[in-house]
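A quick write-up on the structure given underneath.
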Amino acid sequence: MSSTREKLIDLLSTHETDFISGQLISDQLNISRTAVWKQMKNLEKDGYAIEAVPNKGYRIITQPTKISENTVHWGLKTEWLGKDIVHYTTLPSTQTKANQLAQEGCSHGTVVIADKQETGRGRMNRKWYSNNDAGIWLSIVLRPKVVPNQAPQFTLLVAIAIAELIEEELELTPSLKWPNDVLINHKKVAGILTEMQGEQDQINYMVVGIGLNVNHQQDMFESEIQQLASSFKIEAGKTFSKIELIQSLLQRLEQAYQDYFINGFSSVKNKWERYGYLINQEVTYTNANQKKQGIIKGIQSDGALLIETKMKQIEPIYSAEINW
Ligand code: BT5
């Protein structure tokens with residue numbers, strides 16, 4: 001987004017109901033009155049409806065409903081997360097694009113959004129079906145000063161932010177299946193993919209990918225996931241504004257990220273366990289290529305899953321697949 005345009009959006013979004021004079025815009029943005037008029041025409045081309053009244057100024061009457069850098073930026077109440085937004089109608093994967101931008105030096109908190117992904121991916125190169133614009137598919141570049149083995153904690157942090165978003169917007173209580181699945185009524189509505197690049201003792205950057213099934217109807221899901229996937233719309237019985245959900249998610253994530261650096265992981269652990277799926281239940285899981293059985297007891301203070309084994313010992317598990 002050009003910085004003039006970014007400043008204009010910021011200015012207009014803080015004067016949402018009243019008129020703002022062309023002179024004020026011109027002064028604040030340090031551009032001519034003609035340039036202000038041109039910027040307004042550009043916004044109209046993007047789908048904004050603008051009322052221009054002589055001696056009063058400009059006022060935005062309606063905003064476009066389609067996702068764009070501008071519409072997500074409009075009214076986004078974050079300090080750093082999503083200040084840089086890159087939006088594409090189609091990408092192979094936001095994850096790949098965000099990794100590329102991170103390597104090129106993009107800022108901490110850059111968000112890459114795609115309406116559709118042709119080759120969205122999950123963990124271990126599994127497929128993430130997202131070749132439709134019913135969902136939210138985005139990746140966030142973070143540059144936290146942490147050691148690599150703290151990275152998985154961010155997956156849990158993001159999962160809680162998604163769970164809280166669901167609780168507030170859908171008025172339903174989701175469950176979190178360790179490490180990265182968000183479920184409603186035992187069906188997967190969201191997945192998180194955390195990738196990182198770093199040295200042994202320091203992360204260079206992290207890319208957190210988030211996929212939310214928002215406005216899907218059940219028949220939109222591919223046969224492979226027909227039985228296990230669901231969407232916000234299916235579960236809550238209404239259609240959602242993707243822009244509002246993205247904004248709310250980014251606001252929650254920024255807050256959670258900041259809290260993590262002030263309070264550490266302990267507050268994350270308690271919140272996570274409130275949503276934890278199958279806690280105190282016996283599950284089968286695959287760990288180091290072996291199928292095992294145990295009872296999920298919660299998570300450890302570093303994010304590892306705690307499982308009570310058949311020998312009644314509680315073991316921390318750092319990498320495993322919990323079967324359904
Ligand atoms: C995940 O992996 O759940 C991580 C998903 C992350 C997706 C985001 S979208 C934005 C960013 N760009 C990307 O390319 N990826 C990220 P995993 O735990 O490995 O789960 C993958 C499994 O979930 C698949 O094997 C399917 O069984 C199932 N699955 C695939 N697509 C799904 C969907 N749309 N809804 C529910 N389940 C799905």
Side-chain angles (χ1 to χ4, degrees), residues 67 72 82 85-102 110-142 151-152 154-159 161-163 165-166 174-196 205-235 242 245-246 249-250 253 277 285-287 305 317-324:
I67 290 182
V72 176
I85 294 173
V86 197
H87 168 256
Y88 294 84
T89 46
T90 308
L91 271 182
S93 157
T94 56
Q95 207 66 4
T96 311
K97 184 50 126 184
N99 267 288
Q100 182 199 325
L101 294 176
T110 297
V111 178
V112 180
I113 308 174
D115 292 341
K116 293 180 186 188
Q117 298 188 115
E118 288 156 336
T119 49
R121 61 174 198 264
R123 292 177 303 146
M124 292 167 275
N125 271 330
R126 286 192 286 241
K127 281 184 185 161
W128 180 259
Y129 293 107
S130 41
N131 202 351
N132 59 69
D133 65 1
I136 291 174
W137 326 121
L138 62 81
S139 298
I140 301 170
V141 177
L142 297 170
F154 287 82
T155 303
L156 306 179
L157 195 87
V158 172
I162 297 174
L165 175 81
I166 291 174
S175 311
L176 299 179
K177 180 165 170 274
W178 191 90
N180 68 324
D181 291 349
V182 183
L183 314 177
I184 304 179
N185 291 323
H186 310 279
K187 296 211 168 170
K188 184 160 172 175
V189 294
I192 303 153
L193 176 64
T194 304
E195 294 175 324
M196 59 150 184
Y205 66 82
M206 200 189 286
V207 176
V208 180
I210 300 175
L212 304 179
N213 297 333
V214 179
N215 291 324
H216 298 66
Q217 315 262 30
Q218 195 67 48
D219 61 8
M220 287 175 71
F221 291 117
E222 284 71 7
S223 55
E224 188 202 323
I225 57 167
Q226 198 40 257
Q227 300 304 316
L228 62 90
S230 189
S231 74
F232 290 9
K233 180 174 179 156
I234 295 165
E235 298 301 325
K242 290 205 296 175
L245 288 180
I246 292 173
L249 179 65
L250 296 180
L253 287 173
Y277 189 55
Y285 61 99
T286 315
N287 172 229
L305 184 70
I317 308 272
Y318 288 89
S319 157
E321 208 52 50
I322 314 296
N323 298 332
W324 292 77

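All heavy atoms count here, side chains included; hydrogens, waters and symmetry mates do not. In each ligand, atom 1 is the first atom listed, and ligand 1 is the first ligand listed.
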Which residue supplies the protein heavy atom nearest to atom 5 (C) of ligand 1, what is that atom called, and how far is it? Trp128 CE3, 3.4 Å

For atom 20 (O) of ligand 1, closest protein heavy-atom neighbour: Lys188 NZ, 3.0 Å

Please state which protein non-hydrogen atom is closest to atom 24 (C) of ligand 1 and give its distance, to 0.1 Å? Lys127 O, 3.4 Å

Taking only residues two or more places apart in sequence or in another chain, which ones pass salt bridge (Lys or Arg N to Asp or Glu O under 4.0 Å) with Glu321? Arg123, Arg126

Taking Lys177 for the side chain and Lys188 for the main chain, is one N or O donor matched with an acceptor at less than 3.5 Å? no

Could you identify the single nearest non-hydrogen protein atom to atom 28 (C) of ligand 1 and state the distance to 0.1 Å? Ile225 CG2, 3.8 Å

Pairs of nitrogen or oxygen atoms closer than 3.5 Å, one from Trp137 and one from ligand 1: do any exist? no

Counting heavy atoms only, which part of Gln117 comes closer than 4.0 Å to ligand 1: side chain, backbone, both or neither? side chain

I'd like to know if Ser130 contacts ligand 1, where contact means a heavy-atom distance under 4.0 Å to any ligand atom. no

A student comparing Gly135, Gly211, Ala229 should find that the heavy atom closest to atom 8 (C) of ligand 1 comes from Gly211

Hey, does the side chain of Ser231 reach the backbone of Asn213 with a donor-acceptor pair shorter than 3.5 angstrom? no

For atom 31 (N) of ligand 1, which protein heavy atom lies nearest, and how many Å away is it? Tyr129 N, 2.9 Å

Specify whether Trp137 and Trp128 have parallel, tilted or perpendicular ring planes, treating 30° as the upper limit for parallel and 60° as the lower limit for perpendicular. perpendicular

Just heavy atoms, cut-off under 4.0 Å: does Thr96 contact ligand 1 by side chain, backbone, both, or neither? neither

Counting each atom of ligand 1 from 1 as listed, which ones have a heavy atom of Ser139 under 4.0 Å away? 11 (C)

Check: Arg123 N/O within less than 3.5 Å of ligand 1 N/O: yes

Subset of ligand 1 atoms that lie under 4.0 Å from at least one heavy atom of Asn213: 33 (C), 34 (N), 35 (N), 36 (C)

Just to be sure I read this right, does ligand 1 sit under 4.0 Å from the backbone of Ile210, its side chain, both, or neither, counting only heavy atoms? backbone

Pairing residues for Glu235 by the salt bridge (Lys or Arg N to Asp or Glu O under 4.0 Å) criterion, not counting sequence neighbours: none

Please answer whether the main-chain N or O of Gln226 pairs with a side-chain N or O of Gln218 as donor and acceptor at a distance below 3.5 Å. yes

Students should be able to answer this: which protein heavy-atom is nearest to atom 10 (C) of ligand 1, and at what distance? Thr94 OG1, 3.2 Å

The closest protein heavy-atom partner of atom 4 (C) of ligand 1 is Ile192 O, 3.5 Å

Return the closest protein heavy atom for atom 1 (C) of ligand 1 as residue, atom name and distance. Asn180 ND2, 3.4 Å

